[in-house]
Amino acid sequence: MFDTLSDRLAATFKNLRGKGRLSEADIDATAREIRIALLEADVALPVVRAFIANVKERARGVEVSQALNPAQQVVKIVNEELVGILGGETRRLRFAKTAPTVIMLAGLQGAGKTTLAGKLGLWLKGQGHSPLLVACDLQRPNAVNQLSVVADRAGVAVYAPEPGNGVGDPVQVAKDSIEYARTKQFDVVIVDTAGRLGIDQELMQQAADIRDAVSPDEILFVVDAMIGQDAVNTAEAFRDGVGFDGVVLSKLDGDARGGAALSIAHVTGKQVMFASNGEKLEDFDAFHPDRMASRILDMGDLLTLIEQAEKTFSQEEAAKMASKLASSKGKDFTLDDFLAQMEQVRKMGSISKLLGMLPGMGQIKDQINNIDERDVDRTAAIIKSMTPKERAEPTIINGSRRARIAKGSGVEVSAVKNLVERFFDARKMMSKMAQGGGMPGMPGMPGMGGGPGRQKKQVKQAKGKRKSGNPMKRKAEEQAAAARREQAAQGGAFGLPAQDDQNFELPDEFKKFMG
């Protein structure tokens with residue numbers, strides 16, 4: 001969604017590189033480019049004005065004028081201001097002191113409230129809660145059935161006493177759901193309400209009645225991030241008519257310009273709390289302004305990547321794999337282990353999305369978007385077409401075995417050969433890293449360890465003092481050395497002549513330092 005904005009900002013900052021000092025003209029030109037980039041991204045005009053004013057004021061200040069690298073300092077300022085307009089700090093859900101906590105979803109029809117109810121339910125379930133979805137959208141055809149299907153896929157309970165399709169009282173259903181949750185020991189109630197194609201009095205009244213009936217702890221306004229500036233207008237209307245505590249952005253994986261996401265927190269004064277960025281129920285997470293700003297500026301989002309990895313990989317499995325790689329040059333790491341690791345990575349989500357979270361990946365955006373996710377399935381098919389012995393010892397795979405594996409997996413023989421070669425290269429690299437050798441072909445970094453895989457640098461023996469080739473000069477040098485040795489043997493610890501303590505005096509060189 002933010003690709004166009006990211007590209008424009010990257011091009012703007014590129015022009016600043018290599019400048020030891022930024023002139024007034026440089027700052028004005030940069031601010032003008034940033035303003036155009038934000039307006040093209042459909043960011044609200046009042047937000048753009050406030051943003052540019054803050055950036056220009058700070059760019060003219062001491063933090064840039066006295067910086068060693070002014071360009072990096074400007075990027076830092078833009079990053080901090082982006083975090084500010086996105087809401088500042090991450091906003092967490094407020095839970096009731098006495099269960100159940102009631103969360104009410106509000107928004108227009110088509111914003112994705114029903115699907116988002118299932119995503120939020122699954123997310124809360126992963127946090128250790130027991131959520132209950134409540135079907136209060138009794139207007140839209142099959143809305144109740146849709147919520148039941150979504151709840152079943154998410155593995156959470158649903159309360160739907162009315163069939164919907166225009167039948168039933170949504171206010172009464174919402175009120176009854178609270179008592180039902182208390183009876184069945186659900187600690188979070190998520191109320192899915194009806195929407196309309198546009199703002200009208202009936203919609204506002206029904207939402208206000210449900211709000212008064214259940215006294216929600218959180219009212220979340222669900223907004224389609226793809227509808228542009230109208231999202232801000234709708235949010236303001238809901239804020240004034242019903243009121244809400246936080247915003248949830250849906251469809252962040254779309255190809256719209258995304259200005260609503262940058263504008264809504266600043267205009268309404270309510271922070272974005274969650275973001276939905278895919279069709280799967282797992283494509284949902286808390287909204288972190290600092291991480292979103294980093295993505296926009298192509299700095300990556302390593303924290304989210306680490307969190308996803310921690311959810312997928314167990315510590316025990318990771319330790320087991322690390323020990324296999326560290327032992328006997330990684331030969332204990334087999335194709336079975338390689339397949340298991342690959343399947344774990346697939347559980348984290350799309351490969352292109354994972355790569356997009358790494359810093360600097362915006363420069364190879366087209367290559368990442370063209371990654372064929374089916375390549376992973378083909379690789380898995382090749383490995384599964386091997387015998388257990390071949391997976392454990394890939395070195396035994398000869399020409400006839402390759403032909404049989406290729407036929408079994410439906411690929412060319414060359415694909416099997418390439419896979420085995422890539423596996424050996426990957427195992428060698430991972431084994432060296434696991435043993436503390438660092439990345440192959442790169443010098444060891446301080447503090448990164450010089451494990452058993454690192455060869456110790458041989459220390460050359462110091463050469464003795466060269467002797468003169470002139471016999472007369474060499475004899476004189478030997479006599480002088482013998483005299484020094486005799487003097488040292490008779491003298492004190494520093495080779496000074498031995499003297500009585502009473503008559504001992506420091507040399508003149510020491511006297512001047514001692515005063």
Side-chain angles (χ1 to χ4, degrees), residues 1 38-39 41-51 84-88 91 93-94 102-117 119-120 134-140 143 166 169-171 174 190-252 254 256-276 287 289:
M1 176 163 282
L38 292 172
L39 290 173
D42 208 19
V43 179
L45 185 58
V47 179
V48 176
R49 284 175 176 161
F51 182 85
I85 68 170
L86 286 169
R91 162 88 154 78
L93 273 176
R94 290 189 302 255
V102 182
I103 300 172
M104 175 179 162
L105 302 181
L108 294 180
Q109 188 172 310
K113 291 190 301 299
T114 303
T115 304
L116 199 131
K119 291 184 174 185
L120 180 57
V134 180
C136 288
D137 183 357
L138 305 180
Q139 309 293 326
R140 183 169 58 88
D169 180 7
V171 179
I190 302 171
V191 182
D192 178 30
T193 63
R196 296 288 186 280
L197 294 176
I199 299 295
D200 61 21
Q201 189 58 39
E202 184 185 358
L203 167 67
M204 289 299 180
Q205 189 58 51
Q206 188 183 96
D209 290 343
I210 292 175
R211 177 199 65 197
D212 296 339
V214 298
S215 300
D217 299 284
E218 295 276 15
I219 302 176
L220 302 183
F221 174 65
V222 183
V223 61
D224 183 346
M226 296 177 68
I227 65 174
Q229 287 305 303
D230 198 43
V232 177
N233 301 331
T234 307
E236 288 183 311
F238 264 91
R239 180 194 62 190
D240 299 336
V242 182
F244 58 83
D245 303 299
V247 179
V248 182
L249 291 172
S250 64
K251 307 177 188 177
L252 262 183
R257 290 174 290 181
L262 294 175
S263 308
I264 204 160
H266 188 275
V267 172
T268 64
K270 304 294 183 182
Q271 285 184 270
V272 179
M273 294 177 61
F274 296 99
S276 170
F287 185 85

Can you list everything that forms a side-chain hydrogen bond (donor to acceptor under 3.5 Å, both in side chains) with Lys113? Sequence neighbours excluded, please.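 Expected list: none.
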Contact summary for [X] and [Y], nearest pair of heavy atoms:
| X | Y | answer |
| --- | --- | --- |
| Phe238 | Ala106 | CE2-CB, 4.0 Å |
| Ala194 | Asp137 | CB-OD1, 3.3 Å |
| Gly246 | Met273 | CA-SD, 3.7 Å |
| Ala235 | Thr268 | CB-CG2, 3.7 Å |
| Ala237 | Met204 | O-CE, 3.6 Å |
| Pro170 | Leu138 | N-CD1, 3.6 Å |

In Å, rounded to the nearest 0.5 Å, how long is the span from [atom1] of [X] to [atom2] of [Y]?
| X | Y | atom1 | atom2 | answer |
| --- | --- | --- | --- | --- |
| Glu236 | Ile264 | CD | CD1 | 9.0 Å |
| Ile210 | Thr193 | CD1 | OG1 | 5.5 Å |
| Lys270 | Phe221 | NZ | CZ | 13.0 Å |
| Leu120 | Leu220 | CG | CG | 7.0 Å |
| Ile219 | Leu105 | CD1 | CG | 10.5 Å |
| Thr234 | Leu108 | OG1 | CG | 5.0 Å |

Could you walk me through whether Gln139 and Gln109 pass side chain to side chain contact (heavy atoms under 4.5 Å, CB included), step by step? CA-CA 10 Å; Gln139 309 293 326; Gln109 188 172 310; over 6 Å; no
Does the side chain of Asp217 reach to within under 4.5 Å of the side chain of Ile103, using non-hydrogen atoms?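 Heavy-atom side-chain distance check fails, nothing below 4.5 Å.
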For residues Leu249 and Val223, determine if any side-chain heavy atom of one lies less than 4.5 Å from a side-chain heavy atom of the other.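 They are in side-chain contact.
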Any chance you could lay out the side chain to side chain contact (heavy atoms under 4.5 Å, CB included) test for Val267 and Val47, step after step, and finish with the verdict? CA-CA 7 Å; Val267 172; Val47 179; 3.8 Å; yes
Quick check: does any side chain N or O of Asp192 sit under 3.5 Å from a backbone N or O of Ala135, one acting as donor and the other as acceptor?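 Not confirmed, Asp192 side chain does not pair with Ala135 backbone.
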What's the verdict on side chain to side chain contact (heavy atoms under 4.5 Å, CB included) for Phe287 and Leu86, showing C-alpha distance, side-chain angles and the deciding distance? CA-CA 10 Å; Phe287 185 85; Leu86 286 169; 4.1 Å; yes
Can you name the residues that form a ring-ring contact (aromatic ring centres under 6.0 Å, His included) with Phe274, not counting sequence neighbours?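 By the ring-ring contact (aromatic ring centres under 6.0 Å, His included) rule, Phe274 matches Trp123, Phe284.
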Salt bridge (charged side-chain N to carboxylate O under 4.0 Å, His left out) partners of Arg94, counting only residues at least two apart: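 Salt bridge (charged side-chain N to carboxylate O under 4.0 Å, His left out) list for Arg94, sorted by chain: Glu218, Asp245.
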